[in-house]
2 protein chains.
Amino acid sequence: MPGRTPPEHREPPAYQRIAAELRALILDGTLAPGQRVPSETALRDQHGVSKMTARNALLALREQGLLESRHGKGFFVRSFKPIRRNATKRLSRELWGGGRSMWSVDVENRPMVAVSEEPEEAPAPEAVAQALGVEPGTRVCRRSRVYLVEDVPVMSAVSFLPMEVVANSQILQVDTGPGGIYARLAELGHAPTRFREELRARMASPEESDLLGVGSGSPVIHVVRTAADETGRVVEVNEMVLDASRFIMEYDFTS
Amino acid sequence: MPGRTPPEHREPPAYQRIAAELRALILDGTLAPGQRVPSETALRDQHGVSKMTARNALLALREQGLLESRHGKGFFVRSFKPIRRNATKRLSRELWGGGRSMWSVDVENRPMVAVSEEPEEAPAPEAVAQALGVEPGTRVCRRSRVYLVEDVPVMSAVSFLPMEVVANSQILQVDTGPGGIYARLAELGHAPTRFREELRARMASPEESDLLGVGSGSPVIHVVRTAADETGRVVEVNEMVLDASRFIMEYDFTS
DNA sequence: TAGTGGTCTAGACCACGTT
DNA sequence: ACGTGGTCTAGACCACTAT
């Protein structure tokens, strides 16, 4: 006879009870962000369950984004200090006067620094080629970079630009100079003025969770920004992958 | 002596091998969306592992959003037929002429129908009160609804509107009439013209995965839309939770 | 009744990180 | 050496769905 706890009518499973208990401790602040939670063995002893059941409770919370695990160290309460990213800066002040926003915790914007790879000439992926209006496989300028906040990567971005536009410009250098890509595009007579951002949320792939340092099973935000100049010519396609737990995306617009 | 497979130098765990195998079958279409994948016991026999290990492979894929499970029926390949939601309709045609978008698969927009609850007068939650510019706890009009596509819920939305604005209007009825809330607000002299959407992605809470019918561990998109009239007065705060696997969010804007 | 997923046990060994 | 998470076994029983 296995030592099962006698199931009362419609009792939730043990791992959920344990998870709920920890969840409460996290939400009321008893377990603070960054802090270690009781280990698998500790929970096993405390609750008189097997190690697997204790572990299941922790996994459930990790899946819900409340915990992260570090091999050999423990499970830790994840902190959510969101970075506000407002794509429509020009409009926002005009419309809202700077104030008034939900989730207004932690607005102090810590600096975000970009670490760029060497730009390269590469064939355009299918979808990018279509957006740029070139034949699939056409060679385009590819710029890849990772953004860090407090030395941890929070976002990766890959830009694609048509070679005819950027040829012989500083955009082909690692350092694009003051104002970045967009300033250089403006000097080339292709100032980007029209933008579209397409946005999805999904689970991080193994590579992405590795790159962004988030646990497997964490969500990411996948953004494709298409930028066109005044004539409607697409001059940049920028594919971004963001650690969803660190960002709030803001868009302002009018009727 | 337990019957472990002898670990070669740096071999990936068995459940990951099995998961990778299934993943490949899904990605190359051998296992089509909606189709059932081999059961836990089938995988156990096929790969000579324990049931728990087979199950772990399936759970990993579920966590990555590739599978969903139905108790007593099986694990099924999830289908991704995205719904495009363009919040900035007015601008989009103007800027992009209707065409050109990434992820352009499955654009045929299946109709989305709303099922509304009876509107009610309720105290405004903290954040909502702040956005509406009223005292916390002030009673406001609360409209809750669920949106269905092909009879499955894909999004829930709760709107909050100031009582002074909507008093004695059709907005307090279940059926708001042609054009919906915004048309009524316009008639009341408060046509919403300025919008902000704040957007986060995170794991679904247990209640949300229940409501949206997504497996535990699926991501949702959490949007708060703030709408103001010409004078800048906030006339609606709309909190939406979307099944992330079903939506592509589109925003168009200018420099 | 049979097959499926969901929970659970009581162990085991491995890999990682710290002491 | 020790504590931690990560993987795994060989069973068991429960709950749900179908036949």
Side-chain angles (χ1 to χ4, degrees), chain A residues 1-20 22 35-63 67-78 206 209-210 213-217, chain B residues 1-20 22 35-63 67-78 206 209-210 213-217:
Chain A
M1 184 195 67
R4 305 288 302 288
T5 47
E8 224 61 72
H9 202 53
R10 278 307 93 115
E11 228 185 332
Y15 82 97
Q16 283 186 17
R17 272 196 320 98
I18 300 172
L22 288 173
Q35 196 176 331
R36 228 196 90 203
V37 302
S39 71
E40 296 173 345
T41 53
L43 289 174
R44 159 167 66 72
D45 297 342
Q46 286 170 26
H47 294 85
V49 296
S50 76
K51 188 200 167 194
M52 280 300 290
T53 299
R55 177 169 174 77
N56 259 350
L58 294 169
L59 291 183
L61 292 174
R62 189 181 71 176
E63 202 173 4
L67 298 181
E68 62 185 350
S69 61
R70 296 176 212 151
H71 197 162
K73 300 186 74 175
F75 282 81
F76 298 82
V77 179
R78 285 189 67 168
S209 35
D210 198 44
V214 300
S216 169
Chain B
M1 185 193 66
R4 304 287 302 287
T5 46
E8 223 61 71
H9 203 53
R10 284 301 95 119
E11 227 185 334
Y15 82 96
Q16 283 185 16
R17 274 197 319 97
I18 300 173
L22 288 173
Q35 196 176 333
R36 226 197 93 204
V37 302
S39 71
E40 295 173 345
T41 53
L43 289 175
R44 159 169 65 72
D45 297 343
Q46 286 169 28
H47 293 85
V49 295
S50 76
K51 190 201 166 193
M52 281 299 292
T53 299
R55 177 169 173 78
N56 259 349
L58 294 169
L59 291 183
L61 292 174
R62 188 181 72 176
E63 202 174 1
L67 298 180
E68 62 185 349
S69 61
R70 296 175 211 152
H71 196 164
K73 300 185 75 173
F75 282 81
F76 298 82
V77 180
R78 285 188 67 169
S209 35
D210 198 46
V214 300
S216 171

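Heavy atoms only: backbone and side chains are in, while hydrogens, waters and symmetry mates are out. Quick note on labels: first sequence line is chain A, next is B, and so on, each numbered from 1.
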Starting from [atom2] on [N], measure out to [atom1] on [X] and report it in whole angstrom.
{"X": "Arg55(A)", "N": "dC13(C)", "atom1": "CZ", "atom2": "P", "value": "18 Å"}
{"X": "Asn56(A)", "N": "dG5(C)", "atom1": "CG", "atom2": "P", "value": "17 Å"}
{"X": "Lys73(B)", "N": "dG5(C)", "atom1": "NZ", "atom2": "P", "value": "12 Å"}
{"X": "Arg70(A)", "N": "dG6(D)", "atom1": "CZ", "atom2": "P", "value": "12 Å"}
{"X": "Lys51(A)", "N": "dG3(D)", "atom1": "NZ", "atom2": "P", "value": "13 Å"}

Does the side chain of Thr41(B) get closer than 4.0 angstrom to OP1 or OP2 of dT4(C) through an N or O atom?
-> yes
In terms of the nearest nucleotide of DNA chain C, which residue is placed more toward the 5' end: Gly72(A) or Ala42(B)?
-> Ala42(B)
Given that Met52(A) and Glu40(B) both sit by DNA chain C, which one's nearest nucleotide is further toward the 5' end?
-> Glu40(B)
Where the side chain of [X] is defined as all heavy atoms beyond and including C-beta, which of [options] is the nearest nucleotide?
{"X": "Tyr15(A)", "options": "dT18(C), dT4(D), dC8(C)", "answer": "dC8(C)"}
{"X": "Ser50(B)", "options": "dG17(C), dG6(D), dA10(D)", "answer": "dA10(D)"}
{"X": "Ser39(A)", "options": "dC16(D), dT9(C), dG5(D)", "answer": "dG5(D)"}

Looking across every strand, which nucleic acid part, if any, lies under 4.0 Å from Arg36(B) by heavy atom: base, sugar-phosphate, or nothing?
-> sugar-phosphate
Rounded to the nearest 0.5 angstrom, the CD-CG distance for Glu40(A) and Asn56(A) is 10.0 Å
Atom of Leu43(B), atom of Val49(B) and distance for their closest heavy-atom approach | O-CG2, 4.4 Å
Closest non-hydrogen atom pair, Gln46(A) against Pro38(A) | NE2-CB, 4.2 Å
Aromatic Phe75(A) / basic Arg62(A) pairing, under 6.0 angstrom, 45° off normal = no
